[in-house]
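Only one structure is covered here, and it is reproduced in the block below.
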There are 2 protein chains.
Amino acid sequence: MTADRPRTLRDVAAELGISAKTVSNAFSRPDQLSPQLREQVLATARRLGYPGPNPLAAGLRRGRVGAIGVAYDNGLSYAFDDPVAVALLAGVSAVAEPAGAGLLLIPGSTDGRRRLAAVSGAVVDGLLVVSTGDDDPLLAAAVARGLPLAVVDQPRPDRLAALGAPGTPWVGVDDRAAAAAVAGHLLALGHRRLAVVSFGMHRDPIRPGLAGERVQAAATYAVTRDRLAGYRDAVERAGLDWASVPVWHGGDSTPAVGAAGAEAVLATDPAPTALLCLSDRLAEGALAAAAGRGLRVPADLSVAGFDDAGPAAGLRLTTVRQPTRDKGGAAARGLLDRIAGRPAPPPRVLPAELVVRATTGPAPVS
Amino acid sequence: MTADRPRTLRDVAAELGISAKTVSNAFSRPDQLSPQLREQVLATARRLGYPGPNPLAAGLRRGRVGAIGVAYDNGLSYAFDDPVAVALLAGVSAVAEPAGAGLLLIPGSTDGRRRLAAVSGAVVDGLLVVSTGDDDPLLAAAVARGLPLAVVDQPRPDRLAALGAPGTPWVGVDDRAAAAAVAGHLLALGHRRLAVVSFGMHRDPIRPGLAGERVQAAATYAVTRDRLAGYRDAVERAGLDWASVPVWHGGDSTPAVGAAGAEAVLATDPAPTALLCLSDRLAEGALAAAAGRGLRVPADLSVAGFDDAGPAAGLRLTTVRQPTRDKGGAAARGLLDRIAGRPAPPPRVLPAELVVRATTGPAPVS
DNA sequence: CCTGCGTGCTTCATCGATGAAGAAGACGGG
DNA sequence: CCCGTCTTCTTCATCGATGAAGCACGCAGG
């Protein structure tokens, strides 16, 4: 039996009585040695069961490993359940794959320490940070790595500069304008009693409930903040008082949370005639809650979402279409540019548009 | 200005006049030095902008990088579009994440060389190979790495043993029995003219069309082979001739391919009254094709899928429910076991069950 | 015949960290 | 007062490869 210790370059070199470097060249730089010797080296490698240069060692020496890391605000497991996250990853991989780059999905964790350790310890050439809060230490850890970085959605470019990462490729949409558009749509339909169902405003878990203006302004998620600001813009433009609009916020962007939020705001008095949900998944839950209460949509209640992902079309949901896939692609491209030493592209605001479907209609004549 | 060269352990050590090893310990083994010194080290590290031990170098020395690789038969980009693949990844990540392991999605490529290079060069502690053909060099490359391995669906355990990887954790379902169950269901409904719409039988792209028994038997995808064998079992058990059942095969598992396949088999004479699709996505396309032809489902045509993933429930599709997510989870667990040096779990056949919904019904009385 | 250059291979240092083993001082027990 | 043990830190070798530079040889040109 042969020794079962993993083989190295030196083993192959020793077997043939040549230098290790030549064996290395046989694998990595075929032009550096004669074809005959190369064949001989490869044959010997096969015979000895040498799997080719250890990528880890090669990576250390070369300073490249051929992978980009994706750090997601929430955990991975959550990411795969969220159509928006999946679409984003699809966009990232569509760009990374042809470039030959692997995608390292960095594990999240409820334990903050481990969460950061995963970022610090990721074996990658660059990091793609997706949608984190303004003060998330995850981002600080990413910046600390000193690796090329790219950011999707949040924090915003100005915040990135403040965090010591100016010139970081950034991709997002104009959340504020888009939110104003949906709200404006509902107001134009005659709705005067709106309510908002939002996901979390801060990373830290909160007790779900109504959020006053103070809480809203203090939201560390820029996306949340801006969408709320957009709703507010439209509401005030219509001459209404933002303070009279109940804004409920819960945890993650899931149907369950959306349902809970809808229940909560529908219980307020006077009851709203239209719900502005910060995501389609929340809207999905809101629709379920409405159905549970026997409310007809849109006759009794209008519901609007945000994202236009996953089942939005199937639910005939009025929402904002975000080019989620493109966001991933553009961010990946920006990151790969930085890795290759090319200049960082400027922050990129992709278009978002209102998509009116069947879940919004004229306000009921109460 | 400080020099912008990345800092290393030695820089920090030199700054404090202590050994590099002590700095290393400050980060990795806090119990090995006094708390005061540790604080001092960390503070100095912060001050110098040292991002903590280089994961690559640490990985090389330790022989661990904290990530598992996922190699998918088709490319990544495709994977994110396929609900089955996404569910599988969700299962994998649900297990990997709490274990603190990252998920490296290995890029595919149309270029065979690069495809293999990506596997050979992946910086991981183990490889999860998902659903490859029996003779796919990808698998050989994975085996050659000498890393812990786990396989989902195919190749089957016997084939793995033949490839020099006996004892590899394997997870799948009994495709043959499950396929026999769907086909049996249709036969019990009185259908006598069945047709099959299949995805590819080999990795190499083929011209879509009808596949004779010879081609079927030569399929290098074990899953395809077994599902066809299952259909055949049921057909012959019902006293029918398998050779009279048109079996169409195309490329990927997509609605477009399914629609093309449905068109093709519906054009045969006598036209089938029931379609057996090898996946839900194919079935999705088949339903669209049927609608396009003005066929009522299931009055005029019954359609059955396989997987019970994604929109199957929404489409009210009769199908086979596979525990896709659990497959991913079990495979990941098996792989992590191997990485941790624990014995490999035996091959695991998870349950699959027929789910009858609204797309299958009694054969039309022609 | 000498110079100059390209080919093919080697030597050496290095990438950045960590395991194993060891030394210096502190401390407690007999 | 001495010895053993613990704590705290150090030294040394090593993980497996590759960039840079160098050496030897062959061949063409003057």
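Lettering follows sequence order; numbering is per chain, from 1. What's counted below: heavy atoms across the whole structure, side chains too, no hydrogens, waters or symmetry copies.
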| said: Using ring centroids (six-membered ring only for Trp), state whether B:Tyr72 and B:Phe80 fall under 6.0 Å. | reply: no
| note | Here the distance between atom P of C:dT18 and atom CZ of B:Arg64, to the nearest Å, is 15 Å
| request: Grab the CG-C1' distance between A:Leu60 and C:dT14 for me, whole Å please. | output: 9 Å
| If you measure only the distance, is there a donor-acceptor pair under 3.5 Å linking the side chains of A:Tyr221 and A:Asp134? | no
| remark: A:Leu16 CG to C:dT10 P, in whole Å, measures 10 Å
| Could you state the CG-P distance from B:Leu9 to C:dC15, rounded to the nearest angstrom? | 13 Å
| Between B:Ser24 and C:dT18, is there a side-chain N or O to OP1/OP2 distance below 4.0 Å? | yes
| said: Please determine whether any donor N or O and acceptor N or O are separated by less than 3.5 Å between the side chain of B:Arg62 and the base of C:dT18. | reply: no
| Closer to the 5' end of DNA chain C via nearest nucleotide, is it A:Val23 or B:Pro55? | A:Val23
| said: For the CZ atom on A:Arg10, are there more than 12 heavy atoms of other groups (residues, nucleotides or ligands in this structure) within a distance under 6.0 Å? | reply: no
| B:Glu15-B:Thr44 side chain donor-acceptor pair, cut-off 3.5 Å | no
| request: Give a yes or no on whether a donor-acceptor pair under 3.5 Å exists between the nucleobase atoms of C:dT18, that is its base, and the side chain of B:Arg29. | output: no
| message | Over all strands shown, is A:Thr8 touching base, sugar-phosphate only, or nothing at heavy-atom distances under 4.0 angstrom? | response | sugar-phosphate
| task | For B:Lys21 and D:dC12, give me the distance from atom NZ to atom P, rounded to whole Å. | result | 15 Å
| said: At 4.0 Å (heavy atoms only), tell me whether B:Ile18 reaches a base, stays on the sugar-phosphate, or touches nothing. | reply: sugar-phosphate
| query | Quick one: B:Leu33 CG to D:dC6 P, roughly how many Å, whole number? | reply | 19 Å
| query | Is there a side-chain polar atom (N or O) of B:Ser28 under 4.0 Å from OP1 or OP2 of C:dT18? | reply | yes
| message | Once you apply a heavy-atom cut-off of 4.0 Å, does A:Tyr50 come out as touching a base, just sugar-phosphate, or nothing? | response | sugar-phosphate
| What is the distance, rounded to the nearest whole Å, between atom CZ of B:Arg61 and atom P of D:dC12? | 16 Å
| request: Kindly say if A:Thr22 contacts the phosphate of C:dT10, meaning a side-chain N or O under 4.0 Å from OP1 or OP2. | output: yes
| request: Please confirm whether the backbone N or O of B:Val65 pairs with a side-chain atom of B:Asp125, one donor and one acceptor, at under 3.5 Å? | output: yes
| request: Starting from the 5' end of DNA chain D, give me the residue, B:Gly17 or A:Asn25, whose nearest nucleotide shows up first. | output: B:Gly17
| Which nucleotide in D:dT18, C:dG8, C:dA17 has an atom nearest any side-chain atom of A:Ser34 | C:dG8
| task | Calculate the interatomic distance between A:Leu56 atom CG and D:dA17 atom P; express it in whole Å. | result | 10 Å
